[in-house]
Amino acid sequence: MAVPDRNMALELVRGTEAAAMAAGRWMGRGDKNAVDGAAVHAMRNMLNSVEMNGIVVIGEGEKDKAPMLFNGEKLGTGSVPDLDIAVDPVDGTRLTSLGLPGAISVVAVAEKGSMYNPGNIFYMDKIVTGPDAIDAIDIDAPVEDNISKVAKLKGKSIEDITVVVLDRPRHEDLISEIRRVGARIKLIPDGDVAGALLTCKVQGGTDLLMGIGGAPEAVITACAIKALGGNMQCKLWARDARDAAKAKEQGLSLDQILRLNDLVSSDNVFFAATGVTDGEFLEGVRYQGKVIRTSSLVLRSKSGTIRYVEGIHKPAKLKEISDIDYSKGL
C-alpha cells in the first residue's frame, strides 16, 4: 500500500487566506489597485515560507505590470520539490472594490514543467463542465450541440441547463444562441475561475461555462477542474491582428484545442481558494473585531479529496509573526 505523501494544498491555503484577509479590508472602497496590492503582498509573503522551489508560470503577468508574483518569479524556501505555480491573488479585484459577490483568492501548484504557458496571449475561448458530463463538450461544436449533450448525460431537459457566461459585449452572439436553444444563463460581471468552479458544485451549481475569458485564469481553472473531476477545453483567442501575430511569433496556434491535460499535464495537482467576498461556492472574509473568519476550498487531484476549511484568525497574534497588519489591510 502506498503511503500518502505531502499535501501541498494544505500549506498553500495559508497563502490564499492571507491574501483574502488583506484584500477584504478594501471591499467596497472603490480602489481595485489597492485590493490587488494588498492581496499580492500578503500571498507572496506567505508562499515564500513554504518548503518548495517554485517558479510562477501563471502570475500577475505583463498586463498587470506587477512588481511581485510576476511570471518567472521564484517562490518558496528553495528546497525540493520543484514546482510550477499559478496564482491569482484576487480573481475579482473589481468585484471586491465595488463590494460585489464572487471574488476569491486562488493558488495552484504542480510538478515543474506541467503547466501550459500562454505567453503574451491574454485571452482564451473556454468551455467547462462538471463530472457528470465530461464526455459531452466539444469547443468546436455548435452551442446547441454542447447544451443538448450535457443535458442528456445529466438527465435534464435543455430548459434545466444553466450556462455561466461573462457579461461582456463580445458574448452578445453567444448569449443570443443560448437563449434560442432554451437554456438558462447566469451572467457574471467578473471572476471566471469562480464561475467555472460552479459547474462542479454538487448542489445548486451550474452546468456549463462558455465564452472568452482570461488565458492565465484558464490554466488556474484547469488545475481546479482536474482535481474536481470535471472537464474543460480552450482555444487561444486573439483580440486583433496584433495578438494573432504575437501568437504566431511564439509558435502558438489559435486553432489548437487545448484539453485539460494540455493545460496541466500533471496528475498530482494542488489547488486552494479562499473567499474574499461572498459567493455561491465560498463565503467571504468576516471581520469580527478580535478575530477574522475565512472560508476556503482545498483540492488535490491525485486523491480526489475535497476539503472545506474554516479559519479563525487572530490579527493581534499574526502581527507578531508577520510584517502584515491584517487589522488594517496594506
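Along the sequence shown, residues carry numbers from 1. Treat the numbers as computed from the prediction; the structure is a model and nothing was measured. Hydrogens, waters and symmetry mates play no part in the numbers below; they use all other heavy atoms, side chains included.
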Study note, to complete from the structure: salt bridge (charged side-chain N to carboxylate O under 4.0 Å, His left out) filter on D91, not counting sequence neighbours, yields none
Practice item. Anything under 30° is parallel, anything over 60° is perpendicular, the rest tilted; go ahead and classify F281 against Y308. Key: parallel
Check your understanding: Could you give the distance from CG (D88) to CG (L69), rounded to the nearest 0.5 Å?
Key -> 10.0 Å
**Study point:** Distance, nearest 0.5 Å, that separates CE of M43 from CD of E17
**Key:** 10.5 Å
Review point. What's the shortest heavy-atom distance between C200 and G130, and which atoms?
Key: SG-CA, 3.8 Å
Practice item. Quick one: list whatever passes salt bridge (charged side-chain N to carboxylate O under 4.0 Å, His left out) with K319, sequence neighbours left out. Key: D325
Check your understanding: With distance as the sole test, does Q233 use its side chain to make a donor-acceptor pair with the main-chain N or O of I137 at under 3.5 Å?
Key -> yes
Exercise for review: Would you confirm whether R300, through its side chain, and N7, through its main-chain N or O, come within 3.5 Å as a donor-acceptor pair?
Suggested key: no
Practice item. Could you tell me whether M27 atom CE has more than 12 heavy atoms of other residues or ligands within 6.0 Å of it? Key: no
Point to revise | Euclidean distance, I188 CD1 relative to D167 CG, rounded to 0.5 Å | key: 9.5 Å
Exercise for review: Give me the one residue out of D132, D207, D135 that meets salt bridge (Lys or Arg N to Asp or Glu O under 4.0 Å) with K154.
Suggested key: D207
Exercise for review: Tell me yes or no: between the side chains of T294 and S296, is some donor less than 3.5 Å from an acceptor?
Suggested key: no
Check your understanding: Does a sphere of radius 6.0 Å around NZ in K32 hold more than 12 heavy atoms from other residues, nucleotides or ligands, not counting ones at 6.0 Å or beyond?
Key -> no
Using residues 109-116 as the side-chain source, report each donor-acceptor pair under 3.5 Å to any protein atom, sequence neighbours left out, with the distance given to one decimal.
residue, atom, partner, partner atom, Å
E111, OE1, S266, OG, 2.1
S114, OG, E111, O, 2.6

Exercise for review: Check salt bridge (charged side-chain N to carboxylate O under 4.0 Å, His left out) between R242 and all other residues, then give those that pass, not counting sequence neighbours.
Suggested key: none
Point to revise | Flag, side chain of S148 to backbone of D145, donor-acceptor distance under 3.5 Å | key: no
Study note, to complete from the structure: Grouping ILVMFWY residues whenever side-chain heavy atoms fall under 4.5 Å, the cluster of V291 otherwise contains I312
Review point. Which atoms form the tightest heavy-atom contact between V90 and A103, and what is the distance?
Key: CG1-CB, 4.3 Å
Point to revise | Test side chain to side chain contact (heavy atoms under 4.5 Å, CB included) applied to L100 and T277, step by step | key: CA-CA 7 Å; L100 295 174; T277 61; over 6 Å; no
**Study point:** Flag, side chain of K226 to backbone of V269, donor-acceptor distance under 3.5 Å
**Key:** no
Point to revise | Check: G59 main-chain N/O paired with N71 side-chain donor or acceptor under 3.5 Å | key: yes
Check your understanding: What are the two closest non-hydrogen atoms of A133 and L153, and how far apart are they?
Key -> CA-CD1, 3.9 Å
Exercise for review: Supply the atom-to-atom distance M52 CE to T77 OG1, rounded to the nearest 0.5 angstrom.
Suggested key: 8.0 Å
**Study point:** Those residues that, when tested against D125, pass salt bridge (charged side-chain N to carboxylate O under 4.0 Å, His left out) (two or more places apart)
**Key:** none
Point to revise | Gap separating the CG atom of N48 from the CE atom of M68, nearest 0.5 angstrom | key: 10.5 Å
Check your understanding: Quick one: CD1 on I147 to NZ on K156, what's the gap to the nearest 0.5 Å?
Key -> 12.0 Å
